[in-house]
Amino acid sequence: MSDEDFLRKAIELSVNNVKNGGGPFGAVVVKDGRIVSTGFNQVVELNDPTAHAEVMAIRKAAANLNSFDLSGCVIYSSCEPCPMCLSAIYWARIEKIFFGAGKEEAARYGFDDLWIGEELKKNIEERAIPMVRLLSGEALKAFEDWKDKEDKQPY
């Protein structure tokens, strides 16, 4: 299959999801030329604000490949990934992203995440949601324990 074929599969998932009452987003994770997982937006269905198509596809790919490291994988998304999904893609070490609709186009249909990117650029003190740092010294204990742990699994 070609990149266009994999992206068409993601688009097909998004179109079918709308027909079934879900949001217009689909994603496919591919490794070595074969689909290892698919996902579609399930935010409303699962009452889970993180159940975006890309996140769902990443979760399934990690389970199917029995690894949190998705190096060597490519993700195809019906729409440009939002900041959360893009972060998940980076954390998963996915190597390339193909997408259909752009974030500006999604915003015209009511899926506007452009403001999140702007929020992330701001200093912590300037963000819309107050962020309060407490007990940082105590919180560092877990990091110290991690640093000293002999049998840790880095990720």
Side-chain angles (χ1 to χ4, degrees), residues 1-131 133 142-143 146-147 152-155:
M1 291 178 70
S2 68
D3 293 324
E4 290 83 0
D5 292 330
F6 291 128
L7 187 53
R8 283 188 184 102
K9 176 66 175 168
I11 293 168
E12 177 186 333
L13 288 164
S14 70
V15 170
N16 288 340
N17 201 42
V18 170
K19 288 178 186 172
N20 293 321
F25 303 95
V28 174
V29 175
V30 173
K31 185 168 187 174
D32 299 326
R34 68 176 184 84
I35 295 174
V36 295
S37 72
T38 63
F40 50 88
N41 184 285
Q42 294 181 272
V43 169
V44 175
E45 176 186 342
L46 299 177
N47 289 316
D48 179 352
T50 69
H52 290 199
E54 297 90 340
V55 170
M56 300 305 286
I58 288 168
R59 289 173 182 167
K60 290 177 194 171
N64 291 343
L65 296 173
N66 196 33
S67 177
F68 57 82
D69 184 346
L70 301 182
S71 295
C73 290
V74 176
I75 192 163
Y76 298 82
S77 179
S78 62
C79 186
E80 183 175 354
C82 75
M84 177 186 69
C85 293
L86 185 58
S87 295
I89 290 165
Y90 274 99
W91 277 114
R93 297 182 182 95
I94 290 174
E95 295 182 0
K96 195 168 192 177
I97 304 165
F98 289 89
F99 66 93
K103 59 186 172 187
E104 293 83 5
E105 294 160 317
R108 288 199 307 263
Y109 291 90
F111 295 94
D112 186 1
D113 58 30
L114 298 174
W115 65 273
I116 297 172
E118 294 305 312
E119 279 292 299
L120 295 174
K121 293 177 189 175
K122 294 178 182 177
N123 291 325
I124 289 174
E125 306 82 30
E126 299 170 341
R127 293 182 182 161
I129 298 175
M131 294 179 66
R133 186 174 182 177
F143 290 103
W146 172 260
K147 180 183 66 124
K152 65 184 165 227
Q153 169 88 34
Y155 59 95

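Owing to the predicted nature of the structure, the values given are computational and were not obtained by experimental measurement.
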Item to complete: Determine whether the side chains of N17 and S14 contain a donor N or O and an acceptor N or O closer than 3.5 Å.
Response: no

Just distance, no hydrogens or angles: give the donor-acceptor pairs under 3.5 Å from side chains in residues 90-114, sequence neighbours left out.
residue, atom, partner, partner atom, Å
E95, OE2, G72, N, 2.9
E105, OE1, G102, N, 2.5
D112, OD1, L114, N, 2.9

K152 and W146 have their tightest heavy-atom pair at NZ-O, 3.1 Å

Minimal heavy-atom distance between R34 and L65, with the atoms involved, is NH2-CD2, 4.3 Å

> Under 3.5 Å, is there a donor-acceptor pair between the S67 and D69 side chains?
Replying inline: no

One should read off an interatomic distance between E118 CD and L120 CG, to the nearest 0.5 angstrom, of 9.0 Å

Quick check: are there more than 12 heavy atoms from other residues, nucleotides or ligands sitting under 6.0 Å from NZ of K19?
no

d(E12 CD, D5 CG) to nearest 0.5 Å is 11.0 Å

Residues C79 and E54: closest non-hydrogen pair is O-OE2, 3.6 Å

Residues V29 and I58: closest non-hydrogen pair is CG2-N, 4.4 Å

Could you tell me whether the side chain of F25 reaches within less than 4.5 Å of the side chain of M56, counting heavy atoms only? no

Taken to the nearest 0.5 Å, the spacing of E119 CD from I124 CD1 works out to 12.0 Å

Check your understanding: Donor-acceptor pair, N64 side chain versus A61 backbone, under 3.5 Å?
Key -> no

field: Contact check, side chains of I75 and C85, non-hydrogen atoms, under 4.5 Å
entry: no

**Side-chain touch R8/E4, heavy atoms, less than 4.5 angstrom** = yes

Smallest heavy-atom separation, V28 atom then A10 atom, equals CG2-N, 3.7 Å

On a heavy-atom basis, the closest approach of V43 and N41 is N-OD1, 3.2 Å

Value for CG (D32) from SG (C73), rounded to nearest 0.5 Å, stands at 8.0 Å

Measure from the side-chain N and O atoms of S77 to the backbone N and O of A27, and report whether any donor-acceptor pair falls under 3.5 Å.
-> no

Rounded to the nearest 0.5 angstrom, the CD-CG distance for E80 and L86 is 8.5 Å

Between the NE2 atom in H52 and the CD atom in Q42, the distance rounded to the nearest 0.5 Å is 11.5 Å

